[in-house]
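Reviewing the structure listed below.
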Amino acid sequence: MSAILDRMAGIVGAKNIVTDADAMVPYLKEWRDLFRGKAQGIVRPGSTAEVAELVKLAAETGTTLVPQGGNTGLVGGQIPIAEGREIILSLQRLDKVRAVDTDGDTMIVEAGVTLKRAQDAAEAAGRLFPLSLASEGSCTIGGNLSTNAGGTAVLAYGNARELCLGLEVVLPDGRIWNGLRQLRKDNTGYDLKDLFIGAEGTLGIITAAVLKLFPLPAARATAFLAVPDPEAALALLNAAKAGAGGTLTTFELMPRIGLDFVLRHASGTRDPLSEPSPWYVLMEVSAQSAAGLDEHVEAFLGDALEKGIVTDAALAGSLTQRADFWKLREMMSEVQTYEGGSIKHDVSVPVHAQPEFLKRAIAVVEAMVPGCRPVPFGHLGDGNIHFNVSQPVGADKAAYLAGWSEMNEAVHAIVTELHGSISAEHGIGRLKRDLLPGVKDPVELDLMRAIKQTLDPRGVLNPGAMLAAK
């Protein structure tokens with residue numbers, strides 16, 4: 001054990017220092033295997049005070065730290081890459097639900113609480129914490145906030161930033177900022193929490209958060225719908241916002257090829273509709289009264305069928321059927337691994353521009369790589385499309401993935417023309433760090449660098465993530 005790790009063991013206890021090569025592997029490998037890192041070791045603090053002492057020690061000794069939650073990130077921000085000199089600071093032991101306030105509809109949780117556990121704690125109190133991701137059993141609240149996670153309910157509730165009222169943060173010099181305010185209104189100066197949400201652990205280490213809660217819906221209506229094209233899906237979205245009989249919480253777009261992949265590789269799945277369709281929508285409406293919701297949604301869908309916006313529909317008649325519908329959407333990313341190499345784009349464009357983006361981006365990648373299989377899916381309701389492109393059948397995976405940057409450049413050019421974003425919800429990390437100068441306003445980049453330099457002049461936290469050297 002190195003001298004610095006020995007000193008850190010004095011803070012967290014020797015059992016919470018991991019240096020065994022095999023035991024370190026889960027912390028050093030990103031699940032898509034795009035990033036594999038090296039580190040001196042893993043340190044697992046159990047309290048905010050311990051985090052603060054570790055950061056003070058790192059600042060004193062010139063040691064660099066990479067904060068990590070559940071290691072479910074998709075852009076490499078949680079993986080150290082500096083030739084093994086860095087230390088991973090795992091927040092998983094900070095796993096307490098400190099308080100639930102049903103009068104104020106808030107909950108204070110520590111950074112290592114998994115998203116699923118936060119959801120369950122809210123539900124046990126008769127409340128809803130609406131952030132929902134496919135990785136919710138493993139991802140943590142600290143990571144969700146550090147990447148400003150989105151998920152499937154952004155349309156109704158906003159992303160992680162909108163679901164947070166306050167933070168507790170350890171700064172790069174080891175000071176603790178206690179901003180755990182449960183206030184809906186607080187205009188006393190700068191709203192500092194927004195500096196740290198989405199900063200991917202480069203400006204401070206989130207150790208706890210005040211989360212917004214909502215009333216549990218009394219009823220949900222979930223429908224799996226066939227639509228002829230993205231234009232029809234957009235028309236359906238606009239109609240559903242006003243006429244579906246409740247709060248439209250989910251509106252997910254999926255292509256037939258993505259559904260085929262799920263049916264082929266995910267056990268226990270079946271096609272909900274009798275005939276194939278080029279595109280599908282998973283739509284969910286929630287309401288505070290159970291009376292009449294299904295009937296209202298049925299009437300709405302009947303009108304959409306009559307107008308040809310929807311060509312076929314299935315409305316979930318049970319919780320089991322609702323789960324079956326959701327599984328088709330939630331497995332869409334995972335099953336692509338069975339189809340060979342997949343080049344990813346986590347992008348957003350204005351909602352009205354999504355049909356144009358899909359038409360142009362599909363044409364571009366098919367021209368670049370004949371036989372490639374675009375699998376665009378995601379959150380049509382908030383403008384976020386996961387524009388994934390699977391390799392041609394029988395192609396060499398390594399050769400195909402070697403064209404990742406070239407394809408990214410072509411797709412991102414369309415996104416930029418449509419005034420969109422090259423990172424809708426996964427963040428920048430290391431994967432997209434070098435792309436920022438091409439898409440960010442120069443003044444904005446200068447401000448980002450100035451904030452990093454001001455808060456972390458020694459470069460203690462997550463060096464190499466998000467911002468490249470100027």
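Count residues from 1 along the sequence.
Under 4.0 Å is where a charged nitrogen must lie from a carboxylate oxygen, and between Arg98 and Glu168 at least one such pair does. A salt bridge does not link Arg117 to Asp120: none of the charged side-chain nitrogens sits closer than 4.0 Å to a carboxylate oxygen. Using a 4.0 Å cut-off between charged side-chain N and carboxylate O, Asp446 and Lys440 make no salt bridge.
Residues that satisfy the side chain to side chain contact (heavy atoms under 4.5 Å, CB included) test with Val25, not counting sequence neighbours, are absent from this structure.
Of the N and O atoms on the side chains of Ser390 and Glu339, not one donor lies less than 3.5 Å from an acceptor on the other residue. Residues His379 and Gln354 have side chains that never bring a donor and an acceptor to within less than 3.5 angstrom of each other. In summary, the side chains of Glu284 and Thr222 do present a donor paired with an acceptor at a separation below 3.5 Å, with no hydrogens or angles considered.
Separation of atoms CD1 (Ile141) and CG (Leu115) is listed at 5.0 Å; rounding is to 0.5 Å. Between Leu380 atom CG and Met283 atom CE the span is 12.5 Å, to the nearest 0.5 Å.
In this structure the side chain of Phe325 never reaches within 4.5 angstrom of the side chain of Arg329, judged on heavy atoms. Side-chain contact between Val335 and Arg264 is absent, with no heavy-atom pair separated by less than 4.5 Å. Using a 4.5 Å cut-off on side-chain heavy atoms (C-beta onward), Asp312 and Ser277 make no contact. Phe214 has its side chain within reach of Leu163: a pair of non-hydrogen atoms, C-beta onward, lies under 4.5 Å apart.
At distances below 3.5 Å, at least one donor-acceptor pair connects side-chain atoms of Glu425 with backbone N or O atoms of Gly151.
Within the 6.0 Å centre-distance limit, the rings of Phe224 and Tyr280 are counted as a close aromatic pair.
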May I have the list of side-chain donor-acceptor pairs in residues 121-131 shorter than 3.5 Å, sequence neighbours left out?
residue: Arg127; atom: NE; partner: Asp105; partner atom: OD1; Å: 2.6
residue: Arg127; atom: NH2; partner: Thr102; partner atom: O; Å: 3.0

